> 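Submitted below is the structure of interest, expressed as structure tokens.
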Protein chains: 2
Amino acid sequence: MNERRRAILEAAARVIARRGVRGLRVEELAAEARVSKALVYYHFGDRAGLLRHTLRFIGERADRYTRGRPPGRGEPEDSLRELERRLLLELQDVPGVRENSTAWGELRASAVFEPELREELRQAGGEWVREIADLLGRVDPSAPDAALVSAAERLVVLLEGLSTRWLIGVLPTGHARELMRGAVTAEVEGLGRGVGLPERCPVGRVR
Amino acid sequence: MNERRRAILEAAARVIARRGVRGLRVEELAAEARVSKALVYYHFGDRAGLLRHTLRFIGERADRYTRGRPPGRGEPEDSLRELERRLLLELQDVPGVRENSTAWGELRASAVFEPELREELRQAGGEWVREIADLLGRVDPSAPDAALVSAAERLVVLLEGLSTRWLIGVLPTGHARELMRGAVTAEVEGLGRGVGLPERCPVGRVR
DNA sequence: GTCTATAAAGCGATAGAC
DNA sequence: GTCTATCGCTTTATAGAC
């Protein structure tokens, strides 16, 4: 990928995190990337094209810090702990993370009115769910697949909701993280008891 | 309240649901309300004032269809059923409901960048949580208050997340409702076992 | 590929009559 | 309270030189 292209996308992420998709002005973005306005149009066609590419760019960048990188110096990590870590990763008061979360949340919200962003979001969401479902499966290997997927979907969607409220500022970081952890616990417990399946056994089995 | 004022606010909700906050053009809104542009400014000062008033208007309207109105002809409703009904109310493919949800979600999302919307959102969110916590308390009267509130917060935030994905169109209505129901079940079960509290007893009591 | 300059349109906001 | 008319800035997008 061209170096300028990348610079523009990085600037776009920054500006979206600062002003929102609604507040994104091609001129501000160009200044931020130290590039002329015309170059932006040259590379991305129009505003909508720019948004599409930025969405993908941000998604890939999130992948990079979400996947991989265990926290310690190589001790094999408990599955439950890894699950929590992954889900809590987005709820951190660290500038880079916050920027990515803000921009991603903004693009997700604008997708309600911009259908061309949907496919990308659907895909990214699907991958997230599969990964979380995998981790849940390692925590409770006896749980049926459908239960794992449902639980994962709920956790991922909850995270999105928490993220929005956290970014708005009506939910302090610590509280958001606590709620997320609580949900993980509740879902894992639920898996063990067979709760939350389409057809469920009301007083589930014991492992 | 003035009749025209109300007409303008109704039109604003409709236009926001159709085009988003960013897509709201005072001119379109005025046309929709069959009113002149100048009248909008006369009543609400400026664009921002209009948005503030619209947020409150939409919130009150949501209250009206969320609270009250039991479904049957007066059979006393099971608390658990009422809880589910309340939480599922927003996830319906009914034009009026969808319009309100869309506009509300849009305003919530824009609050990340418009601090003057926060107070209203914080309040509305708080009331929601209290109501859901109350219902949870009726389902499980022995659960401690802190657990009720945490569970309620998770349910409300999950609903917001589901709503967004549902409105984007990446989550079909039925699936969203199923996930919501599953979460209610998981949380209620969790209450019974003392799961998800700050300090929790790992193998909870039995009722 | 990248820039400067400019067209073209959009849109928020106000003035002033009724 | 409500309208018509209009101002003037902002913002997207393109033309054309290098």
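The basis for the numbers below is simple: all heavy atoms, side chains too, and nothing from hydrogens, waters or symmetry mates. As the structure is a prediction and not an experimental result, all values here were calculated from the model.
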> CZ of B/Phe44 versus P of C/dA13: gap in Å, rounded?
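It is 14 Å, rounded to the nearest whole Å.
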> Can you tell me how far P of D/dT11 sits from CG of A/Asp46, to the nearest Å?
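Roughly 18 Å, once rounded to whole Å.
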> Can you list everything that forms a salt bridge (Lys or Arg N to Asp or Glu O under 4.0 Å) with A/Arg138? Sequence neighbours excluded, please.
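Counting only residues at least two positions away or on another chain, A/Arg138 forms no salt bridge (Lys or Arg N to Asp or Glu O under 4.0 Å).
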> Applying salt bridge (Lys or Arg N to Asp or Glu O under 4.0 Å), name anything that partners A/Arg18, two or more places apart in sequence or on another chain.
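Scan of A/Arg18 (salt bridge (Lys or Arg N to Asp or Glu O under 4.0 Å), adjacent residues dropped) gives A/Glu28, A/Glu32.
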> Not counting sequence neighbours, list each pair that qualifies as a salt bridge (Lys or Arg N to Asp or Glu O under 4.0 Å) and has a residue in residues 34-57 of chain B.
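Salt bridge (Lys or Arg N to Asp or Glu O under 4.0 Å) check on residues 34-57 of chain B returns B/Arg56-B/Glu120.
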> Sequence neighbours left out, what passes ring-ring contact (aromatic ring centres under 6.0 Å, His included) with A/Phe44? Give chain and number order.
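In terms of ring-ring contact (aromatic ring centres under 6.0 Å, His included), with neighbours along the sequence ignored, A/Phe44 is linked to A/His53.
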> Please work out which residues in residues 17-27 of chain A have a non-hydrogen atom less than 4.0 Å from an atom of DNA chain C and list them by number.
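When residues 17-27 of chain A is checked for heavy atoms under 4.0 Å from DNA chain C, there are no hits whatsoever.
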> Got a sec, which pairs hit salt bridge (Lys or Arg N to Asp or Glu O under 4.0 Å) with one end in residues 91-107 of chain A, sequence neighbours left out?
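Output for this query lists A/Arg22-A/Glu106, A/Arg61-A/Glu99, A/Asp93-A/Arg98.
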> For B/Glu82, check salt bridge (Lys or Arg N to Asp or Glu O under 4.0 Å) against everything at least two apart and list the hits.
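Only B/Arg86 meet the salt bridge (Lys or Arg N to Asp or Glu O under 4.0 Å) criterion with B/Glu82.
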> Rounded to whole Å, please give me the gap between OH in B/Tyr41 and C1' in D/dT6.
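Those two atoms, OH and C1', are 14 Å apart.
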> Taking side chain to side chain contact (heavy atoms under 4.5 Å, CB included) as the definition, give me every residue that meets it alongside A/Asp78, ordered by chain and number, with sequence neighbours left out.
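For A/Asp78 the side chain to side chain contact (heavy atoms under 4.5 Å, CB included) partners, ignoring immediate neighbours, are A/Leu80, A/Arg81.
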> Roughly, in whole Å, what's the span from CD in B/Glu28 to P in C/dG12?
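Roughly 11 Å, once rounded to whole Å.
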> When you compare the protein's N or O atoms with those of nucleotides 1-5 of chain D, which come within less than 3.5 Å of each other, and at what distance?
unit_1, atom_1, unit_2, atom_2, d
D/dT2, OP2, B/His43, NE2, 3.1
D/dC3, OP2, B/Ser36, N, 3.0
D/dC3, OP2, B/Ser36, OG, 3.0

> Kindly state which residues belonging to residues 107-116 of chain A come within less than 4.0 angstrom of DNA chain D, counting heavy atoms of the residue only, listed by number.
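Going residue by residue through residues 107-116 of chain A, none turns out to have a heavy atom under 4.0 Å of DNA chain D.
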> With sequence neighbours left out, what residues match B/Arg118 under salt bridge (Lys or Arg N to Asp or Glu O under 4.0 Å)?
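Salt bridge (Lys or Arg N to Asp or Glu O under 4.0 Å) list for B/Arg118, sorted by chain: empty.
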> For B/Val97, check side chain to side chain contact (heavy atoms under 4.5 Å, CB included) against everything at least two apart and list the hits.
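Checked B/Val97 against side chain to side chain contact (heavy atoms under 4.5 Å, CB included); matches are B/Tyr65, B/Gln92, B/Val94, B/Ser101.
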> Over all heavy atoms of both residues, which pair between A/Val35 and A/Arg4 is shortest? Give the atoms and the distance, please.
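Result for this residue pair: CG2-NH1, 3.7 Å.
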